[in-house]
Structure formats: structure tokens, C-alpha cells
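Below: the structure, in C-alpha cells.
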Amino acid sequence: MKYSYYPGCTLKNKAQDLDRYARASALKLGFELEEIPDWQCCGGVYPLGSDEIASKLASVRALNYAKEQGQDLITLCSACHHVLKRVNDDMKNVQDISDRANNYMKLDEPYRGETKVLHFLEVIRDVIGFDELKKMVVNPLTGKKIGAYYGCLTLRPGKILEFDNPENPKIMEDFIRAIGAEPVIYANRNECCGGYISLKEGEMAQDRTKKIFDNCTDMGAEMLITACPLCRYNLNKSEADSKIPVYYFTELLAEALGVKEDC
Amino acid sequence: MSRDAEMIREISGCDPYRCMKCGKCSASCPSFNEMDIKPHQFVSYVLRDDIESLVNSKSLWKCLSCFACVERCPRDVKPGKLIDAARQIVERQQGGDYLKADEIPELLDPDMPQQLLVSAFRRYRR
């Protein structure tokens, strides 16, 4: 099975681990990530204004490329996943945005949201299956107590992203179980890390990340996993006493599948 | 309704008249303590046509775009989109950017992901 793959800006630079462990794991799981040539940055945050068109075109180009290949589009970064799914929803369901974007792009055939966008974790859940993943694990992370940190961008708005229940998600917990570890549920797993606020208001991000670490360690977590480079950055910059290590989920996946050393 | 209030409604695509003032948006907001005008109040200010206060509010730069208020609003008013629309009104004016490119070198650190910079640029400036 081949997918169009949209890595995004950060996976080519500061979050290369998120990317390379995913590629190796995908091969082991039996699917291939074909990087979209000449992809452009999604912009990191979805442009909320209903009159914003130009800032959505980078996403439309990638979505349309996948459509032309007849492939579903996979992405890993929480931000890319968020932006691509929301722009895709605009192209499918918001007539004004869709018309104006198509009017500008002059594609051979208009793009109307035909491409299916999937997060890497959704492929594991919906295509491979967690039971199958569990069978393929060679190095189970037995005894590890892992907290899933979802943050905001993977989950909300739930009706558009359709990733999981935005208030009580379980996809990452199911993933943790499949690789042989024990998931730790804690209240702050879907609360914001502070996001881009850390650039100019560092103390606000410190406050957010301290609440997250205090909460997850209270519940017994020894480490966190995330799919978001910015969440990981903010969490790693935390000065909280309760701080624990934060990994990309793909690193633990590669470890469990026995392909980490190949990366 | 003033032109600015109309613009906020156009840009956001939100209908503040649907608000039933339950306060769930403000209760959910991780930046509540930092905001001078709270998310539920944004809706009231638009209804009252007091856009002057909104465009001068520091809340515009404290919102994390985490969509907790958008997700949890039982009336689909989406306060976060109203806040963004007010931010757009400021940023679309000359000199309205909250982040200048010249500021970046001092704010950089070696671990900073590209995602942070592109996100901040998109939210803080045109």
C-alpha cells in the first residue's frame, strides 16, 4: 500500500526523529510513504478568517497532488494534520472558499476535497489495526507507564478532524497498549501546551506545561508521547520539578517493531 | 451595527446572537487568567458594538488558538473565531503586526521548531 506523504517543514529540520522512525516503521508495517514532491509549508496554524484564501493554497496543492495520484494523504505532525484536514473540509463543504481557491488555481479539474487525509496513527488504527500491530511487536515496552499527550491540534474541532473523541480520546492509549506498555490517563492530556505563545510569552507556556507534568506524574506517568514537535519543544523547555521525558510516538513504535537501530 | 462589527462577523463567519451566555468558553480557556476581555465577553462586546475595546484588548495576543472554546460551545458561536477576527482587523492595518521580523533573532533558540515560527508569524502578523 502506498500513500502520498506530507512531512511538513519541521520534520525536515528540528523533528527529523518524528519522520525517520515513522518511515522505517511504515515499511515494517507494510505500507510506503511517498513524499509529495515540492510540497509547501501548511503555515502551522489554520487561517481562521472565512475570507482567507491565499494562505490555504499550499495545502490545496498537496491535497490535489494526492488526488491525482489516487492516493490517500498521510501526515504525522499535529499541525499539518490539523491544517490539511481543515482546508480539505473547506474545499469540500465551504462553497465560497472552494470556488475562489479553484478560480485562482485553474487546475485541469477543480479540487473539491476528494482526498482522504489520514494521520499516521489513524492508518495504524483503521488500516493495520491495533491487534495486528500488537502481533508485529518484537520488543514490547513491558512495564512502561506512558501518558499520551494529545494537545489541541490533533483533536479539535472534532467534527472536522474526526480523529477521535475530542474530550475522551483513546487512540494513543490503544497505541500504547499495542506496543506492550501501560497507558496512563490524566485530565490534561487534551489541554494546550501553550503552542506558539512560548515565543513572546514564555511564562504562559511554563504555566501550561507545569500543569500538564504535575497532572500526568500525579497519575503515575513515567514518560509522555506526542505527535507534535511544538508540544514536545514546549514540554522539553518546562522548568517544572515534575518534568518527565517526552518522546515522539514514532520513536517508541520503531523501538517496539525492532527497527529503531536501522534509522 | 458599525462597519467594524460587521467586519468581525464577516471574517469570523460567526453569529454572536446565538450565544446563551453559559460561559463554557471562558471556563475552558487556558489563557483566561491572562485575558483582560474574556472569551464569553468577546461575544457581548461584538453585540454591543464596542469594537474599539476589542481591538485594543491584550487578549488578542493571549489566545492560543487551542479551539477548546470552539469545540465546547453548545451554540456553535465559536468565540475563538471572533477573537481571531478582531486580531485580523488590527493586523490588516498598516503597522498592526504584533510580531516584527526584526524581533526574531533575539527570540530564537537552537531547539526551536520551525512550526513555532510559522505559526507565530501567521497568528501575529499579516
Side-chain angles (χ1 to χ4, degrees), chain A residues 8-15 41-52 55 77-80 82-83 94 96 151-153 155-161 166-167 188 190-205 207-208 211 228-234 236-237, chain B residues 7-14 28-35 58 61-73 76 78-89 91-92 98-100 103-104 106-124 126:
Chain A
C9 62
T10 310
L11 276 70
K12 289 290 179 184
N13 293 282
K14 301 291 180 189
C41 174
C42 72
V45 287
Y46 170 75
L48 287 164
S50 50
D51 55 356
E52 293 272 340
S55 44
C77 164
S78 293
C80 302
H82 181 95
V83 175
V94 184
D96 180 60
C152 10
L153 294 173
L155 294 167
R156 296 190 284 265
K159 279 188 189 128
I160 296 174
L161 301 188
E167 301 298 355
N188 273 271
N190 63 343
E191 296 296 335
C192 185
C193 70
Y196 53 80
I197 206 85
S198 52
L199 187 68
K200 291 188 61 145
E201 333 269 337
E203 72 293 347
M204 277 179 74
D207 179 55
R208 298 302 317 146
K211 285 196 171 80
C228 183
L230 182 48
C231 293
R232 187 171 187 229
Y233 170 79
N234 282 337
N236 278 342
K237 290 288 163 184
Chain B
M7 269 174 67
I8 286 199
R9 293 187 60 180
E10 279 169 22
I11 296 171
S12 68
C14 299
S28 291
C29 180
S31 296
F32 180 86
N33 290 338
E34 313 292 329
M35 288 188 167
K58 68 175 188 176
W61 318 112
K62 306 293 178 184
C63 168
L64 309 169
S65 304
C66 76
F67 304 110
C69 59
V70 173
E71 182 69 50
R72 292 169 190 163
C73 175
D76 210 23
K78 307 187 181 86
K81 291 188 81 168
L82 287 176
I83 294 173
D84 182 71
R87 197 159 53 207
Q88 293 295 329
I89 287 184
E91 291 171 3
R92 290 177 188 186
Y98 183 64
L99 176 67
K100 312 267 190 292
E103 293 176 64
I104 296 290
E106 274 198 22
L107 298 170
L108 283 179
D109 86 61
D111 304 322
M112 193 173 276
Q114 286 70 21
Q115 181 192 352
L116 191 159
L117 292 173
V118 292
S119 302
F121 265 109
R122 182 161 279 178
R123 280 290 182 261
Y124 290 152
R126 284 303 297 166

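Protein chains get the first letters and strands the later ones, always in sequence-line order, with residue 1 at the start of each.
Applying the ring-ring contact (aromatic ring centres under 6.0 Å, His included) criterion to B:Tyr124, with sequence neighbours excluded, gives A:Tyr196, B:Tyr98. With sequence neighbours excluded, the residues that form a ring-ring contact (aromatic ring centres under 6.0 Å, His included) with B:Phe67 are A:His82.
For the set A:Cys192, A:Ala15, A:Gly43, A:Gly8, the count of heavy-atom pairs under 4.5 angstrom toward chain B peaks at A:Gly43. In terms of heavy-atom pairs under 4.5 angstrom with chain B, the leader among A:Leu11, A:Leu155, A:Val45, A:Val83 is A:Val45. Ranking A:Gly151, A:Gly158, A:Gly195 against chain B, the residue ahead of the rest is A:Gly158, based on heavy-atom pairs under 4.5 Å.
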Let me see the working for B:Lys81 and A:Glu52 under salt bridge (charged side-chain N to carboxylate O under 4.0 Å, His left out), right down to the final yes or no. CA-CA 13 Å; B:Lys81 291 188 81 168; A:Glu52 293 272 340; over 6 Å; no

Check step by step if side chain to side chain contact (heavy atoms under 4.5 Å, CB included) holds for A:Arg156 and B:Val70. CA-CA 8 Å; A:Arg156 296 190 284 265; B:Val70 173; over 6 Å; no

Begin from the C-alpha positions of A:Ser198 and B:Leu116 and carry the test side chain to side chain contact (heavy atoms under 4.5 Å, CB included) through to its verdict. CA-CA 8 Å; A:Ser198 52; B:Leu116 191 159; 3.3 Å; yes

Evaluate side chain to side chain contact (heavy atoms under 4.5 Å, CB included) for B:Leu107 paired with A:Lys200, printing each intermediate quantity in order. CA-CA 8 Å; B:Leu107 298 170; A:Lys200 291 188 61 145; 4.2 Å; yes

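A:Asp207 CG to B:Asn33 CG: the interatomic distance, rounded to the nearest 0.5 Å, is 7.5 Å. If you take CG on A:Leu199 and CZ on B:Arg123, they are separated by 14.5 Å, rounding to the nearest 0.5 Å. Note that the CG atom of A:Asn13 and the CD atom of B:Gln114 stand 4.0 Å from one another [nearest 0.5 Å]. Taking CD from A:Glu201 and NZ from B:Lys58, the interatomic distance works out to 9.0 Å, rounded to the nearest 0.5 Å. Separating the OG atom in B:Ser119 from the CD1 atom in A:Ile197 is a distance of 12.0 Å, to the nearest 0.5 Å. Note that the CE atom of B:Met112 and the OG1 atom of A:Thr10 stand 12.0 Å from one another [nearest 0.5 Å].
Of the two parts of A:Cys80, neither the backbone nor the side chain holds a non-hydrogen atom closer than 4.5 Å to a non-hydrogen atom of chain B. Residue A:Lys12: no heavy atom, backbone or side chain, is found under 4.5 Å from chain B. Using a 4.5 Å cut-off between heavy atoms, B:Ala85 makes no contact with chain A at all. Contact of B:Gln115 with chain A is made through backbone and side chain together, with heavy-atom distances under 4.5 Å. In this structure, the portion of B:Arg126 lying under 4.5 Å from any heavy atom of chain A is its side chain and not its backbone. With a 4.5 angstrom heavy-atom cutoff, B:Leu108 does not touch chain A via any of its atoms. Neither the backbone nor the side chain of B:Lys78 comes within contact range of chain A; no heavy atoms are under 4.5 Å apart. B:Asp109 touches chain A through its side chain: at least one heavy atom from C-beta onward sits under 4.5 Å away, while N, CA, C and O do not. Interface remark: B:Glu10 contributes backbone atoms only to the contact with chain A (heavy atom separation under 4.5 Å).
Taking the charged nitrogens against the carboxylate oxygens, A:Glu191 and B:Arg72 do have a contact shorter than 4.0 Å, which makes a salt bridge. Taking a cutoff of 4.0 Å between a charged side-chain nitrogen and a carboxylate oxygen, A:Asp51 and B:Arg92 qualify as a salt bridge.
Nearest approach of A:Cys9 to B:Val118, heavy atoms of both residues: SG-CG2, 4.4 Å. The minimum heavy-atom distance between B:Pro113 and A:Lys14, with the atom names listed, is CA-CG, 3.8 Å. Of all non-hydrogen atoms in B:Glu71 and A:Pro166, the two that sit nearest each other are OE2-CG, 3.3 Å.
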